[in-house]
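One structure is given here, and the rest of the page talks about it.
Numbers for residues simply follow the sequence, beginning at 1.
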Amino acid sequence: MAHYFITSEEDPNASAIEIAQAQRIKLFNNFGQEAQIIEVRYNFWHSYAQKILGTEGKVINLYQYFQSLEFKEDPAIDRVLINQILQNSGYEVKNSVAYRNGKVRIKIEMRTNRLYTASYYDQYGFLDRKDYYDDGCLSYTEFLEDRERLVLREYYNNEGHPVILFHFRGGQGNRPILSLIQLYYRDVWRDFDNLYEFRAYFFDEICRNDLHSVLYADRSNYTLDSFKIMEESVPRYMIFHSAITIDGQRNGQVFPMYQGIKKMLQDGSLTGLISSTNAEADDAANIFDTDHSYAIPVTYTKPNIKQVPFAVRTPYNLIAVARLDEVKRLDHIIRAVVTLHRKFPQLRLTFYGLLRSSADEETEPKLRQMVTQLDADQYIFFGGFVHDLTDIYDHAWLEILTSKYEGFAMALLEAQEHGCPAVAYNINYGPNEIISDNYSGKLVPAGDETHLLNTLDSLLSNPNILENYSYNAYKTAQRYSFKNVSIAWQGFQQREGLLA
C-alpha cells in the first residue's frame, strides 16, 4: 500500500504544508510504508527544493510523469545549449543576445546560473515564442500572438516530441483562457476541458499502477474537484491546514473551497477528514456530519534537541514567526512592542516569515510603513524567510502569536521544542493544545490587545518566570514526539482499515 500526499509544488522557501509532507514521508518510511509526494503544478525548483526538504526520489510531478525528461545536474550542458541556440541562428551574437540588422531576434535568460529561457522575436520586434529549459532540458514552449497573448503551450518528452498541449483563447480584456488540454499517452491523444479533468486522469493513472493507493489532499483548491471525477475507487482524505470557517469560529461560515465536502463524503468521492488538533477534528465531524474525522498533529518534534540555558538567550529579544498576512494581526504586536520599548529600551522584535504572498500583497508595506511612522525602525525588524530557525529560537526570550485563527500553529511547537516561551491569543486552533498555560507560556483572550500588552509587560518584568517557562517548554513539546505522532497515524490507519 502506498500513500500519496498531494500539493501544488515544493518550494525552496517551503510552506508549513510542504515541511509537514516531508516529515510525513520520513515517518511513514520509518514504519515500513511507502509514501510519496505528488505535485500538480510545473516546478522549476524541483532539484533545489527536494535537496532542502530531503525528499529526493519521493516526489512525483504531474508534468514530469508524462514528459519523463532526463534532467542534467551539470550546468556545463547549458553552455552547449546556449551556443547551439545562438551560434546556429546565423545572427550576430553579443552578450547572450542574437541580433539581425541591429534588432534583437533571440534573447537568453538565466536563472540560478542555469539556462532558463530563450525568447524569439520577429522582424517587427514581436515576441513569437519562448522556450523554457529545466536542468539542461527543453521542457516546454509558449507561442504568442502579436500582443504577446499566450496561444499555445507545448510540453515535450525527452525526444523533443510534444506530449502535452495547452490551448488558450482570448477572454475578457484579451486575457488568455485555457480552453483545451491534450495529452499524448500510451499512443493515444486524450482531451481534457480543464485542469481538474487532467489532474483526475493523472491521479487515476497513479492508482491504476497501485490498486492499494491512498490519496491525501494537502491543498484542497488543487485537489478536491479532481477527486469528485476520478474513476478509480481508492481511499481519499482531506487534510486541513487552517481553520474550516472564515472567522475560525465553530459556528462561522465554511470557506467556499470546503463547502462541497459533506456531499463528497456522502457520495464516496472523499473518505474522511484529518485535522491537526482535537478541537478541529471534533468540529469537522459536526460540520460535515461524518464519523471519519481524525486528529493527527501536522508535525513532530525533532529528537535530541539540545537544551539551551535561559541565561544564554538574548535579553528582551522577541520574535514572531509568521507570513506577513492580514490574518496574522502582526500590527497588534507592533503596537505592544512600541509601547513597551519606553519601559524596556533593550527590547527588540523580529518578524520571520515570507514577506509577501500572492494572496496578500498589501500587509507587508502597511506593516513597514507602520514601523517607520512609529519611529521603531531601530528595534523592530523584518527578517524574511529563514529555512532553519534553530539558532533564532534558541536565543529568543519569547515568541508571540496573534493570529485570527490557525490550523495548528507549527511555529509555536517549533518554539516550544527549542525551549522558547510563547504568548499567544487563545484562538481556534492550536495554541491551547500546544502551550500549557502558565507553565510553558501564556494564553491571552483572542484579539485583546490590552491583555496582550499587560501580559508581555508582566513577563518582561519577571525574567524568572520566562526561565521557568523555557525549562517547561522542552518537556511539554514532547507530547508531539516522532513516536507519539507515529502512533496517531497508525491508529488512524487501523480504524480506517488501511494497514496492509
Could you check whether any side-chain heavy atom of [X] comes within less than 4.5 Å of a side-chain heavy atom of [Y], counting everything from C-beta outward?
X	Y	result
R79	L81	no
I334	F351	yes
D218	H241	yes
W489	I274	yes
F66	F198	yes
Y237	L498	yes
I82	M110	yes
T117	I108	no

Tell me if a side-chain donor or acceptor on [X] pairs with a main-chain N or O of [Y] at a distance below 3.5 Å.
X	Y	value
E145	R147	yes
N158	E70	yes
K262	G260	no
D204	E231	yes
T245	G248	yes
Q33	M1	no
H341	V337	no
T350	I319	no
Q416	L412	no
S226	Y196	yes

For [Y], is there an ion pair with [X] - N to carboxylate O distance below 4.0 angstrom?
X	Y	answer
K51	E56	no
D331	R329	no
K366	E326	no
K107	E109	no
R153	E142	yes
R323	E364	no
D78	R114	yes
K228	D225	yes

Heavy-atom pair with the smallest gap, counting every atom of [X] and [Y]:
X	Y	answer
D247	G252	OD1-CA, 3.5 Å
L86	S96	CD1-CA, 3.7 Å
A118	I85	CB-CD1, 4.1 Å
L127	L144	O-CB, 3.8 Å
G57	Q36	O-NE2, 3.8 Å

Nearest 0.5 Å, please: how far is [atom2] in [Y] from [atom1] in [X]?
X	Y	atom1	atom2	answer
F381	R348	CZ	CZ	4.5 Å
L152	R169	CG	CZ	9.0 Å
I229	N194	CD1	CG	6.5 Å
K58	I60	NZ	CD1	10.0 Å
Y65	L62	OH	CG	10.0 Å
I244	M257	CD1	CE	10.5 Å

Donor on one side chain, acceptor on other, [X] and [Y], under 3.5 Å:
X	Y	value
D146	Y124	no
E154	Y156	yes
S486	N30	no
R199	Y222	no
S139	Q67	yes
E39	N61	yes
H161	Y184	no
T363	D325	no
T372	Q369	no

Check: What's the verdict on ring pair (Phe, Tyr, Trp, His ring centres under 6.0 Å) for Y91 and Y99, showing C-alpha distance, side-chain angles and the deciding distance?
Finding: CA-CA 6 Å; Y91 301 149; Y99 299 87; 9.6 Å; no

Next item on the list: Begin with the C-alpha distance, continue with both residues' side-chain angles, and end with the deciding distance and a verdict on side-chain hydrogen bond (donor to acceptor under 3.5 Å, both in side chains) for E34 and H3.
Entry: CA-CA 6 Å; E34 178 62 27; H3 300 262; over 6 Å; no

Next item on the list: Kindly confirm or rule out a cation-pi arrangement of R105 over Y121, judged by NZ or CZ under 6.0 Å from the six-membered ring centre and within 45° of its axis?
Entry: no

Assess the pair [X] and [Y]: is the distance between their ring centroids shorter than 6.0 Å?
X	Y	answer
Y480	F408	yes
F203	Y4	no
H46	F71	yes
Y116	Y133	no

Mind checking whether [X] and [Y] have parallel, tilted or perpendicular rings, split at 30° and 60°?
X	Y	answer
Y140	F44	tilted
Y63	F166	tilted
Y185	Y201	perpendicular
Y48	W45	tilted

Next item on the list: Quick one: do R219 and T7 satisfy side-chain hydrogen bond (donor to acceptor under 3.5 Å, both in side chains)? Show the steps, please.
Entry: CA-CA 5 Å; R219 291 192 182 274; T7 186; 3.0 Å; yes

Check: Can E280 and T277 be said to form a side-chain hydrogen bond (donor to acceptor under 3.5 Å, both in side chains), step by step?
Finding: CA-CA 5 Å; E280 187 168 34; T277 65; 4.6 Å; no

Next item on the list: Among E414, Q23, R24, find the one that has a side-chain hydrogen bond (donor to acceptor under 3.5 Å, both in side chains) with T299.
Entry: Q23

